[in-house]
Amino acid sequence: MNLKEYISKISKRFKELWEFKIFRYAVLIHGFYFILSMILTLIFFRDRNDFLVYYEGGKIFIDNVNELYNQDYYTRWPFRYFPISAIFFVPFYLMGFDLGFIIFNLINLILNTLICLVLYKIVILIRGEDHEREDKRIVLYISLFLMGLPNLFNYILGQINLYITLLILISLFLFLKYEDTKWNLIASIILGVSMLFKPITIFLIPFLIIINFDWERKKFEIKFLKSIIRLVGFLIPVSLNIFVFLLYPELLDGFLNVNLTGGDTVLTNHSFSITKLIQNFFIVLGFSQTQLLSFQLPIFLMILIVIGGIGFALYLIRRFDNNSLIYGYTFGILIMLLGYFDSWDHHLLILTPLLIIIIFNLPRNSDLTRKFIKPSFFFLNFFDLAFMGIMVLINKWFPFNFASTIFLVLIFYSMSKYCIIKDLAINNNKF
């Protein structure tokens with residue numbers, strides 16, 4: 001197929017989608033988000049956006065890479081990502097802030113288009129037999145994703161979540177579609193690249209191991225070679241940072257400090273993670289941030305061990321195998337969002353596409369979908385930002401942004417239930 005035929009095919013498909021009213025609304029609303037973000041950020045929030053961190057990180061990488069994690073070199077917030085990712089932001093710095101932000105968000109717009117395409121392909125691949133064969137309902141949920149408020153927030157901040165979302169979905173698609181070793185390696189490398197941009201995918205590592213409990217034979221089964229290939233593939237991109245840390249040892253201390261032990265991790269803010277809610281509770285009790293620093297890391301590790309341990313253990317004894325990695329990916333993201341200090345509303349762009357996939361993979365009218373997954377998707381996609389705004393207004397008196405936490409826990413509970421109850425996994429009509 002030549003370029004002209006490919007463009008003609010895309011144009012024809014777009015015209016077909018334009019016939020759906022919800023899709024027209026989605027395109028118009030998403031376009032409004034994009035334009036509004038340009039106006040708000042470039043005029044009103046020039047010094048209160050995350051793109052500024054990437055922009056300044058690119059500058060520091062050129063000027064003095066040893067100071068990449070030094071708060072004094074940043075206008076508001078420090079750089080918190082792996083050092084090698086700063087290379088990606090150098091071109092945006094060289095463009096200047098205004099042009100760099102515009103180009104960065106134009107790329108985000110393109111990424112959202114690609115996300116919708118890959119999401120569609122995954123849903124077609126994994127949807128249950130009792131789901132409709134036509135596209136109408138798939139178009140509905142993809143349109144809802146495009147209209148979601150986290151997209152607006154992501155554009156305003158100039159965030160990098162859509163890069164991670166696209167890479168996660170591409171890797172998931174390859175894992176689900178292909179069994180051979182080559183594609184497992186490629187998929188895991190792509191997933192590893194996502195961690196270079198943002199370490200939010202770190203807790204997906206255990207779920208790459210192909211292991212589960214055989215209930216009939218009462219023993220664990222593991223595909224050792226394929227699991228090793230997946231882990232090695234994931235670690236290849238991440239390991240590139242080792243060379244940077246060896247060349248600049250100060251960067252390792254800075255990276256660990258800014259992400260795990262530094263003063264920013266105990267600031268009272270609107271993060272909806274369980275760890276942050278506990279930290280804020282200690283602040284309300286009268287503990288100073290200095291006192292909290294002495295035990296905030298054990299709090300994080302305790303929450304991580306409990307949530308991560310439960311999630312991985314239930315995944316190991318799951319009573320289903322087909323498309324299980326969908327739930328492994330979702331468990332991994334949930335563990336990060338519930339456990340890490342700072343879990344923000346724009347991070348939900350990484351989770352909501354996975355919820356859409358689960359909605360189409362579970363039986364059409366299952367109780368798990370109707371009572372837990374769907375309500376959680378709609379809340380996180382449309383109402384979460386409002387609760388964040390309320391929390392910001394009453395932060396001095398009530399610093400607990402717990403609404404999103406509740407829905408994340410509900411998702412965690414529903415997937416846990418799906419893993420351990422045999423009838424839910426085997427008989428698709430008994431939900």
> Among all residues two or more places apart in sequence or in another chain, which pass the salt bridge (Lys or Arg N to Asp or Glu O under 4.0 Å) test with Arg13?
Replying inline: Glu16, Asp135
> Looking at Phe213, does the NZ or CZ of Arg319 lie under 6.0 angstrom from its six-membered ring centre and within 45 degrees of the ring axis?
Replying inline: no
> Which pairs count as side chain to side chain donor-acceptor pair (under 3.5 Å) when at least one residue sits in residues 379-391, sequence neighbours excluded?
Replying inline: Asp384-Ser404
>> Whether the side chain of Thr265 engages the backbone of Thr261 through a donor-acceptor N/O pair (distance < 3.5 Å, no angle test) should be reported.
In response: no
Atom pairs and distances, donor-acceptor, side-chain atoms in residues 305-317, under 3.5 Å, two or more places apart:
unit_1 : atom_1 : unit_2 : atom_2 : d
Tyr315 : OH     : Ser324 : O      : 3.4

> Arg80: what forms a salt bridge (Lys or Arg N to Asp or Glu O under 4.0 Å) with it, not counting sequence neighbours?
Replying inline: Asp342
>> Ile229: which residues meet the side-chain contact (heavy atoms from CB on, under 4.5 Å) condition with it, sequence neighbours left out?
In response: Thr181, Leu185, Leu225
> Does CZ in Arg48 sit with more than 12 non-hydrogen atoms of other residues, nucleotides or ligands closer than 6.0 Å?
Replying inline: no
> What pairs with Lys198 under side-chain contact (heavy atoms from CB on, under 4.5 Å), at least two apart in sequence or on another chain?
Replying inline: Tyr81, Gln159, Ile160, Asn161, Ile164, Ile200, His346, His347
> Is a side-chain donor or acceptor of Ser37 paired with a backbone partner of Phe34 at a separation under 3.5 angstrom?
Replying inline: yes
> Which residues satisfy the side chain to side chain donor-acceptor pair (under 3.5 Å) test with Glu221, sequence neighbours excluded?
Replying inline: Arg217
>> Quick test of your reading: applying side chain to side chain donor-acceptor pair (under 3.5 Å), list the pairs with at least one residue in residues 225-244, sequence neighbours left out, ordered by first then second residue.
In response: Asn184-Arg230
> Who passes side chain to side chain donor-acceptor pair (under 3.5 Å) against Asn70, sequence neighbours left out?
Replying inline: Glu67
>> List the residues meeting side-chain contact (heavy atoms from CB on, under 4.5 Å) with Pro399, not counting sequence neighbours, and say none if there are none.
In response: Thr268, Asn280, Val284, Met391, Asn395
>> Tell me every residue that passes salt bridge (Lys or Arg N to Asp or Glu O under 4.0 Å) with Asp253, counting only those two or more places apart in sequence or in another chain.
In response: none
>> Which residues pass the side-chain contact (heavy atoms from CB on, under 4.5 Å) test with Phe387, not counting sequence neighbours?
In response: Phe379, Asn401, Ala403
